[in-house]
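One structure is given below, encoded as structure tokens.
Lettering follows sequence order; numbering is per chain, from 1.
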Number of protein chains: 2
Amino acid sequence: MLKYQDVALRIKHMIYQQELPKGTQLANIEELINQYQVSRSTIIKALDRLERHGVIYQVQGSGIFVRQRKKSGYLNFMESHGFTVDLQDLPGSSTVFNVDIVKPDAQVQENLQCDADEEVYFIKRLRFVDGKVYGLEQSYYRKKLVPYLNKEIAENSIFSYIRDICNINIGFSDKYIQVTKLDAEMASYIGLPEGDPALFVEEIFYTTSGEPFDFSRVVYHCENTKFCVQGHAK
Amino acid sequence: MLKYQDVALRIKHMIYQQELPKGTQLANIEELINQYQVSRSTIIKALDRLERHGVIYQVQGSGIFVRQRKKSGYLNFMESHGFTVDLQDLPGSSTVFNVDIVKPDAQVQENLQCDADEEVYFIKRLRFVDGKVYGLEQSYYRKKLVPYLNKEIAENSIFSYIRDICNINIGFSDKYIQVTKLDAEMASYIGLPEGDPALFVEEIFYTTSGEPFDFSRVVYHCENTKFCVQGHAK
DNA sequence: AAGTGGTCTAGACCACTTT
DNA sequence: AAGTGGTCTAGACCACTTT
């Protein structure tokens with residue numbers, strides 16, 4: 001584990017375990033250097049990370065402060081699929097309908113940057129958080145990069161499997177977001193009336209080396225899913 | 001202007017002006033050090049910024065590459081209000097209905113962390129991008145921090161005014177996102193049928209020193225606004 | 001083995017806020 | 001004037017990929 005990651009984690013845990021309220025000032029940089037026995041740059045890198053994740057904010061000339069935690073009941077929009085996992089994660093599960101090997105249609109080809117004859121896994125599953133439906137996911141994985149998948153894996157976390165078993169490093173993603181009305185089929189899966197509003201997100205996931213390995217479409221249940229994004233001008 | 005900001009901008013401009021396609025490899029770090037005559041750390045900080053903004057991706061041991069640009073027709077969700085402005089910005093305008101000084105109700109008090117007797121500006125405006133309605137915005141600004149506002153300012157960019165004239169440094173924000181159905185009033189403003197789906201975003205903006213100065217609610221036109229988020233695991 | 005990005009350090013100096 | 005975070009440098013060494 002890298003030093004700056006370790007320091008960032010320890011500071012984050014300290015804030016959450018002690019339940020420091022928003023606005024609480026932390027020790028200054030000199031003190032943090034002594035506490036963690038690392039260089040100034042390493043402390044600054046750790047603090048930068050925490051700032052970008054909405055844990056703290058730094059004020060030049062003044063100090064380092066605890067930021068307000070997101071209101072409860074909202075999912076973290078940036079971490080909703082695969083990226084760094086939060087501390088207070090809610091329990092999730094899935095009902096899997098399909099795990100098929102198919103040929104990609106034109107749209108999937110374009111998003112996964114692959115040919116018509118390259119095989120891809122197609123998985124359709126209903127996802128639950130805390131016992132409630134939160135969305136219907138339909139995703140395509142390139143077999144070339146994810147050679148094996150089955151129902152059991154899809155019932156748990158596909159992303160942990162991809163990371164830990166396939167040794168794929170997840171690098172970045174492009175998310176495309178819009179709002180739609182549920183059609184009859186979607187409505188029946190989600191358990192809401194046809195025509196109800198829904199958030200529709202298409203996302204392409206890339207490995208750290210820039211290869212797309214997953215294209216997914218998710219329709220979110222409009223009542224059970226609300227999101228939060230803690231942004232930063234930096 | 002700071003060196004790393006300058007270097008980041010110059011690299012970004014270079015990529016966009018030369019229209020380098022995705023996957024194009026840039027010069028390596030040693031060469032960049034020579035080209036821009038700054039230290040290794042400054043180059044790395046500049047590249048980090050570009051990576052987080054979705055312009056490039058770096059692969060350890062391999063190189064620095066141009067990332068795919070977001071598909072056209074999608075607004076940048078992270079920069080949709082106040083933060084760094086993109087190059088290819090579309091022209092925006094607003095129709096302003098109210099610029100009133102009011103006392104905050106309970107919810108506004110909570111979000112702006114202020115008392116019931118503190119005065120706030122209440123502004124209601126319909127926003128257009130590229131000639132099309134994209135949302136109805138209702139926002140509250142603390143008079144203590146933004147002492148003066150009028151219709152003319154609200155017809156243009158309130159955030160540029162706040163930054164450049166009020167000398168407020170915009171630091172970070174909390175966004176809360178959900179999907180709803182338009183009620184009769186919203187529908188008439190937006191120009192869509194009642195009951196149509198809409199994205200509803202509440203956002204609290206803070207100064208760099210952590211004071212909330214703006215609480216806003218925006219209802220987005222579901223057909224005219226689609227968003228993109230280019231995320232990164234870092 | 002050579003090339004490329006990433007981490008980490010010590011230290012000088014700058015920018016901004018608080019006393 | 002003192003305190004606090006931010007920038008920038010030169011350089012050693014590590015991790016990973018390509019040749």
Contact list for DNA chain D against residues 55-65 of chain B - heavy-atom distance below 4.0 Å: B/Gln60, B/Gly61, B/Ser62
Output field: ring centroids A/Tyr141/A/Tyr121 closer than 6.0 Å: no
Lys/Arg cation over aromatic A/Tyr176: B/Lys226, 6.0 Å, 45° cone: no
C/dT17 - base-pair partner by Watson-Crick or wobble geometry, distances under 3.5 Å: D/dA2
Pair A/Lys175 + A/Glu202: basic N to acidic O under 4.0 Å: no
Geometric class of the A/Phe213/A/Phe159 ring pair [parallel <30°, tilted 30-60°, perpendicular >60°]: tilted
Within the 6.0 Å centroid threshold, strictly below: B/Phe205 and B/Phe215: no
Range on DNA chain D touched by chain A - first to last nucleotide, heavy-atom distance under 4.0 Å: D/dG3 to D/dT7
Any donor-acceptor N/O pair, A/Glu19 side chain to A/Tyr16 backbone, under 3.5 Å: no
Electrostatic pair A/Arg142:A/Asp214 at N-O distance under 4.0 angstrom: no
Side-chain donor or acceptor of A/Asp115 paired with backbone N/O of A/Asp117 under 3.5 Å: no
Closest-nucleotide 5' rank along DNA chain D - winner of A/Asn169 and A/Glu51: A/Glu51
Validation row, ring centre B/Phe65 to ring centre B/Tyr57 under 6.0 Å: yes
Aromatic centroids of A/Tyr74 and A/Phe227 separated by under 6.0 Å: no
Interface residues of residues 35-45 of chain B with DNA chain C (non-hydrogen, below 4.0 angstrom): B/Arg40, B/Ile44
